Amino acid sequence: MRAITISSPGEPEVLQVTDEPTPDIASDEVLVRVHAAGVNRADLLQRRGFYDPPPGATEIPGLEVSGTIEKLGADVTGWSVGDRVAALLSGGGYAEYVPVPAGQLLPVPADFDLTEAAALPEVLSTVWSNIVGRGQVKAGEWLLVHGGGSGIGTAAIQIARHLDVKIVVTVGSEKKADFCRDLGADAVINYREEDFVERVHEICTHDDGSTGADVILDIIGAKYLERNIKALGSDGRLVIIGMQGGTKTEINLGWLMQPRKSVSATTLRARPKDQKIAIVAEVADRLWPAVVSGDIRPIIHEAMPLADVVRAHQMLEDGANIGKVLLIVDEEGA
């Protein structure tokens, strides 16, 4: 099968199309013939050598796909060969075939665009598991999300609206700001022109007169840690899911203790399989009906052929995208 492999850690040019063996499947897995694959910042980190796959996972990058079931494992029930699916992966999405635990599949209706479906599994699972699972966000609370124009950000805006959560996002351009407002963000902060800490306390007000975000979903890491903590209100929860701004910094614990603020960090890819299956089940129950109805929709910046993977990675590194970048693997199917 055709697949994208990493010749050595480095710039996007280290990505190359190679011929790889079609993978076998375990008894609880299905083999998916990939139609399209989502490109995520985790893939960029893996390409640079900073984000190794979990033990036992393939070195082929790619954390979400859409496609059709080619083969069923011996213990799989409830699915059939030919079913249209979207899937959350531990890796392997940049390839013509990928094995997937059956519990990490989502059904794609016949009238839903199969290409667009590839933009959903990773972002929906990431946002849901972190703002609801970790952050315990509730209707009426204020959620701050950094990178409002990203795949994560555009999904978070829609999920917040679906949950009746008020959301403010940060962006780096007025084009992205306008897009996020149109998508449903309650407020937008241009971090290049405004201090997001000050603006959050102006925007996120509460009935008791206090200010600050109730939950923050952060992709930056160390660079923003102090400022994120200051942007939280009392009993606020910071959830860190990215390290674009580094991994090491120092904080004053007093900023957390008196106002009862908390900080947690997690990655989806490294979670045990049973946790991923549980998350996908929650997404299927709580979010997927809204996807099918059109209330939550995939935001696609561009879909390009698998062979254009270098350009896809460069696009994300440049921050040029609004929403998801996709790779079309099955170009005939497209």
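Predicted, not measured: the structure shown is a model, and the values here were computed from it.
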Using only atom types and a distance under 3.5 Å, with no angle test, would you say the side chain of Q136 pairs donor to acceptor with the backbone of I131? no
Under-4.0 Å salt bridge between R48 and E317: yes
Side chain to side chain donor-acceptor pair (under 3.5 Å) partners for D295, two or more places apart: S293
Using a 6.0 Å distance limit plus a 45 degree cone around the ring axis, check whether R84 lies over the aromatic ring of F112. no
Using only atom types and a distance under 3.5 Å, with no angle test, would you say the side chain of H35 pairs donor to acceptor with the backbone of A117? no
Excluding sequence neighbours, so at least two apart, what forms side chain to side chain donor-acceptor pair (under 3.5 Å) with H301? none
If you look only at pairs with a residue in residues 50-67, which of them pass as a salt bridge (charged side-chain N to carboxylate O under 4.0 Å, His left out), with sequence neighbours excluded? E64-K324
Residues 217-225, side-chain donor-acceptor partners within the protein, below 3.5 Å, at least two apart:
unit_1, atom_1, unit_2, atom_2, d
D218, OD1, I220, N, 3.1
D218, OD1, N228, ND2, 3.4
D218, OD2, I220, N, 3.4
D218, OD2, G221, N, 2.8

Non-neighbouring partners of D28 that pass side chain to side chain donor-acceptor pair (under 3.5 Å), sequence neighbours left out: K273
List the atom pairs, with distances to 0.1 Å, where a side-chain N or O of residues 177-188 and a protein N or O form a donor-acceptor pair under 3.5 Å, not counting sequence neighbours.
unit_1, atom_1, unit_2, atom_2, d
D178, OD1, R181, NH1, 3.0
D186, OD2, I167, N, 2.8

Any chance you could lay out the side-chain contact (heavy atoms from CB on, under 4.5 Å) test for E96 and V34, step after step, and finish with the verdict? CA-CA 5 Å; E96 290 183 306; V34 177; 5.8 Å; no
Could you go through the salt bridge (charged side-chain N to carboxylate O under 4.0 Å, His left out) check for R311 and E302 one step at a time? CA-CA 11 Å; R311 185 166 71 89; E302 186 174 346; 2.8 Å; yes
For the backbone of D83 and the side chain of S80, can you confirm whether one donor and one acceptor N or O come within less than 3.5 Å of each other? no
Please answer whether the main-chain N or O of A320 pairs with a side-chain N or O of D318 as donor and acceptor at a distance below 3.5 Å. no
Is a side-chain N or O of K276 found less than 3.5 angstrom from the main chain of Q104, in a donor-acceptor match? no
The complete set of salt bridge (charged side-chain N to carboxylate O under 4.0 Å, His left out) pairs with one or both residues in residues 125-146, sequence neighbours excluded, reads E141-R237
Here the salt bridge (charged side-chain N to carboxylate O under 4.0 Å, His left out) pairs for residues 238-249, sequence neighbours left out, are none
Applying side-chain hydrogen bond (donor to acceptor under 3.5 Å, both in side chains) as the test, list every pair that has at least one member in residues 65-76; sequence neighbours left out. S27-D75
Going by the side-chain hydrogen bond (donor to acceptor under 3.5 Å, both in side chains) test, which pairs reach into residues 279-289, not counting sequence neighbours? W128-E282
Identified side-chain contact (heavy atoms from CB on, under 4.5 Å) partner of P298 from the options D113, L120, T115, V123: L120
Those residues at least two apart in sequence (or on a different chain) that pass side chain to side chain donor-acceptor pair (under 3.5 Å) with E20 are T18
Heavy-atom distance under 4.5 Å between the side chains of L106 and L124, does that happen here? no
For residues 160-173, which residue pairs qualify under side-chain hydrogen bond (donor to acceptor under 3.5 Å, both in side chains), counting only residues two or more places apart or in two chains? H146-T170
Heavy-atom donor-acceptor pair, N190 side chain to R192 backbone, under 3.5 Å: yes
